[in-house]
Amino acid sequence: MYSETEDVIRALAENAESVCRAYLPAGRREGSYWIVGDLQNNPGRSLFVRLNGPASGPGAAGKFTDGATGEHGDLLDIIRERTGISRFPDLLAEARAHLGRPQPALPDRPVPKKAQALGGTPAAAARLFAVSVPVAGTLADTYLRSRGLTQGGTMSALRFHPKCWHREEGQTRSIPRPALIAAVTDGAGALQGVHRTWLAPDGQGKAALKAQRRAMGHLLGNAVRLTPHDDILIVGEGIETMLSLSEAISGLPVWAALSSGHLGAVQLPEGLQRLYIAIDRDPAGQRAAERLSASALDAGIAARVLEPRLGDFNDDLRANGKEALRQHLAGKIGPEDRHRLLG
């Protein structure tokens, strides 16, 4: 039986090198493989994409394996990761466009009075952020303070929405719930996405949901810029983690990349001289630090890794307090920046 998906995957495999050159341009061909650092298109030799081979089965063309993480998949997975496209029909449309194939004709249907905007676009993210309100005095402020974080109400990158729609996987009905909203911006300061953290009705923790956090828009390379950078920057994973560092060392600028995968791919700003990478205590954090440190080194930026005592820096803050966290960081931050600890 004909399957368009299988046909597209087969066509991508037949043009594997073209796909790699378009979506993983930091790599290069070596023999029968395209070799690059990872799915975030960082330089390196960890991820191998097979360029030649049978249409299916062992050794099939278009299959990739990342020796460092164990990730594997096909060229559609690479396109999904590099474009951020989540809807499968849109992913097929992107693949068709790369292959130069026409898009399928849709059946005639009544033209709606007003076209509906896609839910995951930067435009949709900007609309959500625009209708949200400042954090100070809201349930989002209550939530952050319950985690020892007092500065969220002063940061323009964070906002609160009292009725942000949420739908659990497998459910058909969305429910409005209070949420902390964070702006994801690019190097020019343009909003490219938002991150949503749904909260308990009283603000004392996250909502009792399977999916407590979700992002929308374009995240790859971008970040939640909690405070402006200058010649130095601390970048890490979660929002609460980076707010914890800001509590202890308010004189240093902090960004949140939202995940270990995105941390390794953050685009560093021009003029940066020193970079501190705040990781969670797990293998994914270590790998992200290695990738970002390599990018910093290539750009001539000195990089240091900051590691917590416990699982993450918010765990440290809540368990030991602000002063203990500051003393812990004082031994890890370069001497040229220690005066900013009193910022």
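Numbers here are sequence positions counted from 1. All values below come from the heavy atoms of this structure, side chains included, with hydrogens, waters and symmetry mates left out. Treat the numbers as computed from the prediction; the structure is a model and nothing was measured.
Taking CZ of R80 as the reference point, atom CG of D77 lies at 5.0 Å (rounded to 0.5 Å). A distance of 12.0 Å separates CD in E307 from CD1 in I277, rounded to the nearest 0.5 Å. Rounded to the nearest 0.5 Å, atoms NE2 (H195) and CG (L180) are 8.5 Å apart. In this structure, CD1 on I234 lies 14.0 Å from NE2 on H229, to the nearest 0.5 angstrom. Expressed to the nearest 0.5 Å, how far CG of L75 lies from SG of C20 amounts to 6.0 Å. Taken to the nearest 0.5 Å, the CZ atom of R87 stands 10.5 Å off from the CG atom of L92.
A pairwise comparison of heavy atoms in S293 and A303 identifies OG-CB, 4.2 Å as the closest pair. Taking both residues in full, the closest heavy atoms of S244 and L325 are given as O-CD2, 3.7 Å, listed atom of the first, atom of the second, then distance. Closest non-hydrogen pair, A157 versus F129, comes out as O-CE1, 3.6 Å. Taking both residues in full, the closest heavy atoms of S146 and G203 are given as OG-O, 4.2 Å, listed atom of the first, atom of the second, then distance. Contact between A257 and A223 at its shortest, heavy atoms only, is CA-CB, 4.5 Å. Shortest non-hydrogen contact noted between G53 and A61 is N-CB, 3.8 Å.
In this structure, the side chain of W34 does not engage the main chain of S18 through any donor-acceptor pair within 3.5 Å. Not one N or O on the side chain of S250 forms a donor-acceptor pair closer than 3.5 Å with the backbone of S246. Counting only distance, with no hydrogens or angles, the side chain of W198 and the backbone of C164 share a donor-acceptor pair below 3.5 Å. Between the side chain of Q212 and the main chain of A207, a donor-acceptor pair closer than 3.5 Å is present. Of the possible polar contacts, none joining the T65 side chain to the F48 backbone as a donor-acceptor pair under 3.5 Å is found. A side-chain donor-acceptor contact under 3.5 Å links T227 to the backbone of V254. In this structure, the side chain of N320 does not engage the main chain of L317 through any donor-acceptor pair within 3.5 Å. Using modelled atom types, no side-chain atom of D312 and backbone atom of P308 make a donor-acceptor pair closer than 3.5 Å. Of the possible donor and acceptor atoms, none in the side chain of D280 sits under 3.5 Å from a partner among the backbone N and O of D282. Put simply, the side chain of D316 gets close to the backbone of L310: a donor and an acceptor are under 3.5 Å apart.
Side-chain contact, D38 with N42: a donor N or O sits under 3.5 Å from an acceptor N or O. A donor-acceptor contact under 3.5 angstrom links the side chains of D337 and Y276, judged on distance only. The closest side-chain donor-acceptor pair between Q327 and E323 falls under 3.5 angstrom. For Q204 and T142, the side-chain atoms include no donor-acceptor pair closer than 3.5 Å. Side-chain contact check for T241 and N314: no donor-acceptor pair (N or O, by modelled atom type) lies under 3.5 Å. With no hydrogens or angles considered, a side-chain donor-acceptor pair links R147 and Y143 at under 3.5 Å.
Between N222 and L219 there is no side-chain heavy-atom pair separated by less than 4.5 Å. Side-chain contact between I9 and E6 is absent, with no heavy-atom pair separated by less than 4.5 Å. The shortest side-chain heavy-atom distance between R196 and R213 does not fall under the 4.5 Å cut-off. V133 has its side chain out of reach of H161: every pair of non-hydrogen atoms, C-beta onward, lies at least 4.5 Å apart. The side-chain heavy atoms of L39 and R82, taken from C-beta on, include no pair separated by under 4.5 Å. Taking 4.5 Å as the limit, every side-chain heavy atom of Q273 sits out of range of all side-chain heavy atoms of I232. With contacts defined as side-chain heavy-atom distances shorter than 4.5 Å, the pair I78/V49 qualifies. Between R159 and P134 the shortest side-chain heavy-atom distance falls below 4.5 Å.
Hydrophobic clustering of Ile, Leu, Val, Met, Phe, Trp and Tyr side chains at less than 4.5 Å, counting indirect connections, keeps L76 apart from L220. One hydrophobic cluster, built from ILVMFWY side chains closer than 4.5 Å, holds both L139 and L149. L329 and V305 fall into different hydrophobic clusters, where Ile, Leu, Val, Met, Phe, Trp and Tyr side chains are chained together by heavy-atom contacts under 4.5 Å. The cluster map of Ile, Leu, Val, Met, Phe, Trp and Tyr, joined by side-chain heavy atoms under 4.5 Å apart, puts L158 and L245 in the same cluster. In the hydrophobic clustering of this structure, L128 does not group with W165; members are Ile, Leu, Val, Met, Phe, Trp, Tyr whose side-chain heavy atoms approach within less than 4.5 Å, directly or through other members.
Seen from the ring of F64, R50 does not count as a face-on cation partner, given the 6.0 Å and 45° thresholds. Both tests pass for R225 against the ring of W255: distance under 6.0 Å to the centre and angle within 45° of the axis.
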L275 vs L292, side-chain contact (heavy atoms from CB on, under 4.5 Å): CA-CA, chis, key distance, verdict | CA-CA 9 Å; L275 173 69; L292 190 56; 4.0 Å; yes
Can you check side-chain contact (heavy atoms from CB on, under 4.5 Å) on L243 and L144, steps first, answer last?
-> CA-CA 9 Å; L243 286 174; L144 293 174; 3.9 Å; yes
Going through the distances and angles, do E247 and T150 end up as a side-chain hydrogen bond (donor to acceptor under 3.5 Å, both in side chains)?
-> CA-CA 7 Å; E247 289 286 329; T150 64; 2.9 Å; yes
Could you check L47 against I35 for side-chain contact (heavy atoms from CB on, under 4.5 Å), going step by step and ending with a plain yes or no?
-> CA-CA 6 Å; L47 189 143; I35 301 177; over 6 Å; no
Test log, rule side-chain contact (heavy atoms from CB on, under 4.5 Å), inputs E336 and R274 = CA-CA 10 Å; E336 63 272 36; R274 296 181 300 283; 3.0 Å; yes
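Residue R29 qualifies as enclosed at atom CZ: its count of foreign heavy atoms under 6.0 Å is above 12.
With ring centers used as reference points, H98 lies under 6.0 Å from Y23.
Using cut-offs of 30° and 60° for the angle between ring planes, the F313 and H328 rings count as tilted.
Of the charged side-chain nitrogens involved, none lies within less than 4.0 Å of a carboxylate oxygen, so that E94 and R96 do not count as a salt-bridged pair.
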